[in-house]
Amino acid sequence: MENEIRSDIIIFGASGDLAIRKLMPALYHLLQGKHIGDDTRIIAVSRDKISQDEYCALIEEKFKSSFKEKMFDTEVFEAFKSRLYYLIIDLTNEESYKSLHDLLQGHEEKERINYLSTAPSLYGTICKSLDKSGLILPTSRVVLEKPIGNDLKSSQVINDEVSKYFRESAIFRIDHYLGKDTVQNILALRFSNMLFAPIWNSLYIDHIQITVAESVGLEGRWGYYNNYGAMRDMVQNHLLQLLCLITMEPPSSLNGDNVRDEKLKVIRSLRYIEGEDLRLKTVRGQYASGVSAQKAVVGYLEEDGGNSNSDTETFVAIRADIDNWRWNGVPIYLRTGKRMREKYSEIVIDFKDVPHSIFPKGGLCIDSNKLVIRLQPDESISLFIMNKIPGLNEGMRLQKVKLDLNVAAGAARTPDAYEHLLLDVVRNNPTLFMRRDEVEAAWVWADKILDGWKNNTITPKPYAAGSDGPSASIALIERDGRSWYEK
Ligand code: BG6
């Protein structure tokens, strides 16, 4: 589809991992699919002293090594290169922004998008320098990568600084999970048919599980990760966003504020986990050495750049409860970790057992119906229901069968989350971005747990790399008479 929106997309932190691995490929694919207008320029800002040609060569090499077969097209790359401008700027020095000023001059009619893919501590400084250099126009937008702070207070400082220069509707806070196709499909599944709506509540749902497991370790990110840990890196944002989409009330429209209002209500209804509950309803873990993808791997403390005293968690399991009418008594079990057995993200809706079974005991017992929403690596939605075993000798013995909705079937390529989100920023559509009050409410809930862990010296339990996490996480759910879903 041709798109006539003309923009200047400025990527701050353009030599960073995120820009090279995600943002530049996303922009390339948007160009390839003709989603961004012909006049769009991509301005890569970094302090690395390399030439424009060297930067382009770096990107080209990355694209070639990471794109799936046939997705690298020399002609498209040449067009991409012709729109790419590399500027060396010291982001902490206002005078250094002159080259950006010169490049933007005369292009005031374009949508100006400032994507801050830098350390969050620089967000305020960059916005201030943009303002001082006269580079913020009434139509300018700013995109903020997570983490926005590492607790409520620090996130408020960052939000306060940015909001001196950009109004709330011009601030796009990214949670890339919301850009994933299957995550958006949760909205379609829940709100585009009447099948599930009547049973989507505590009368019919026993509990919900949300697992985001990663098989990778730290990938050289110790410096960042050790200050955050799984609670801040994954739970406060990605897992809570998934929880919100699964449990929120139907919004009155897909309009940004309507969706975000509903998500906010859920976050504000999350019961605080404090006191005794910290040990009963949360588990922290840290991976020890083990085997991942058939290779021996070191533990968290022995990772490059690591130190042996860290008590940062690389795994979290939580029983969360939502205190509202719809979800009263329905636990939501959250689980995420690095160096787990395999990489997958999954949401399981576990329906209640039938109140009275009329089927003969013996053989397979009736299993609860489950709706399994697989987000990655394969994307699918499956409904597990009971079925009579065919044949004359089986009587009314039942077996579990799977109804599969292969959501990605037929699609040539699933667009990356960043493609969706960058396009939404270009189109000025804020629905899939987090509002300030949402981020802060999520911190209020997460801070209670983080403070509780600190004040009660709740340290992470070791688990072997390549496993499903510490055994305490199994105990957490089994204590309630339930178990983690296994394929
Ligand atoms: C990021 C975290 O936000 O999400 C990383 O900072 C994590 O630690 C990543 O690896 C996971 O994203 P995905 O899309 O690979 O599941």
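Bear in mind the structure is a predicted one, so any value in this text is a computation, not a measurement.
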Exercise. Can S15 and D48 be counted as having a side-chain donor-acceptor contact under 3.5 angstrom?
Worked result: yes

For this session: Verify the distance criterion only: is there a donor paired with an acceptor across the side chains of D73 and Q32 at less than 3.5 Å?
Result: no

I want to check something: taking the side chain as every heavy atom from C-beta on, are [X] and [Y] in contact at a cut-off of under 4.5 Å?
| X | Y | result |
| --- | --- | --- |
| T125 | L91 | no |
| H107 | D39 | no |
| D17 | E219 | no |
| Y177 | M234 | yes |
| Y86 | S51 | no |
| L100 | L130 | yes |
| V372 | E346 | yes |
| V425 | F433 | yes |

Counting only heavy atoms not in [X], do more than 12 fall under 6.0 Å of its [atom1]?
| X | atom1 | result |
| --- | --- | --- |
| R47 | CZ | no |
| E95 | CD | no |
| E75 | CD | no |
| D304 | CG | no |
| E61 | CD | no |
| K128 | NZ | no |

For the pair [X] (side chain) and [Y] (backbone), establish whether a donor and an acceptor sit closer than 3.5 Å, ignoring hydrogens and angles.
| X | Y | answer |
| --- | --- | --- |
| Q209 | Y485 | yes |
| Q184 | L178 | yes |
| T431 | L254 | yes |
| W484 | Y333 | no |
| N237 | R232 | yes |
| Q236 | D447 | no |
| R284 | I458 | yes |
| S308 | L301 | no |
| R167 | P138 | yes |
| Y85 | I42 | no |

Are any of the side-chain nitrogens in [X] or [Y] under 4.0 Å away from the carboxylate oxygens of its partner?
| X | Y | result |
| --- | --- | --- |
| D437 | R260 | no |
| R173 | E168 | yes |
| D451 | K454 | no |
| D8 | R41 | yes |
| K265 | E262 | yes |

For this session: Verify salt bridge (charged side-chain N to carboxylate O under 4.0 Å, His left out) between K98 and D102, making sure each step is shown before the conclusion.
Result: CA-CA 6 Å; K98 171 139 189 359; D102 293 348; 2.9 Å; yes

When the side chains of residues 142-157 are checked against the rest of the protein, which donor-acceptor pairs come out under 3.5 Å, sequence neighbours left out?
{"residue": "E145", "atom": "OE2", "partner": "Y115", "partner atom": "OH", "Å": "2.7"}
{"residue": "E145", "atom": "OE2", "partner": "Y418", "partner atom": "OH", "Å": "3.0"}
{"residue": "K146", "atom": "NZ", "partner": "D233", "partner atom": "O", "Å": "3.1"}
{"residue": "K146", "atom": "NZ", "partner": "D233", "partner atom": "OD1", "Å": "3.2"}
{"residue": "N150", "atom": "OD1", "partner": "S154", "partner atom": "OG", "Å": "3.0"}
{"residue": "D151", "atom": "OD1", "partner": "K153", "partner atom": "N", "Å": "3.4"}
{"residue": "D151", "atom": "OD1", "partner": "S154", "partner atom": "N", "Å": "2.8"}
{"residue": "D151", "atom": "OD1", "partner": "S154", "partner atom": "OG", "Å": "2.6"}
{"residue": "S154", "atom": "OG", "partner": "N150", "partner atom": "N", "Å": "2.8"}
{"residue": "S154", "atom": "OG", "partner": "D151", "partner atom": "N", "Å": "3.1"}
{"residue": "S154", "atom": "OG", "partner": "D151", "partner atom": "O", "Å": "3.2"}
{"residue": "S155", "atom": "OG", "partner": "L152", "partner atom": "O", "Å": "3.0"}

Seminar exercise, completed: Applying side chain to side chain donor-acceptor pair (under 3.5 Å) to E438 and not counting sequence neighbours gives Q241, K263

Measure up the [X] and [Y] rings against each other and bin them: parallel (under 30°), tilted (30 to 60°), perpendicular (over 60°).
| X | Y | result |
| --- | --- | --- |
| Y287 | Y463 | perpendicular |
| F77 | Y28 | tilted |
| H238 | H176 | perpendicular |

Seminar exercise, completed: Residue set satisfying salt bridge (charged side-chain N to carboxylate O under 4.0 Å, His left out) with K81, at least two apart, ordered chain then number -> E78

Exercise. Taking the six-membered ring of Y300, is the NZ or CZ of R339 close enough (under 6.0 Å from the centre) and on axis enough (within 45°)?
Worked result: no

Problem set entry | From CA spacing to verdict: ring pair (Phe, Tyr, Trp, His ring centres under 6.0 Å), H29, H35 | CA-CA 8 Å; H29 288 305; H35 295 293; over 10 Å; no

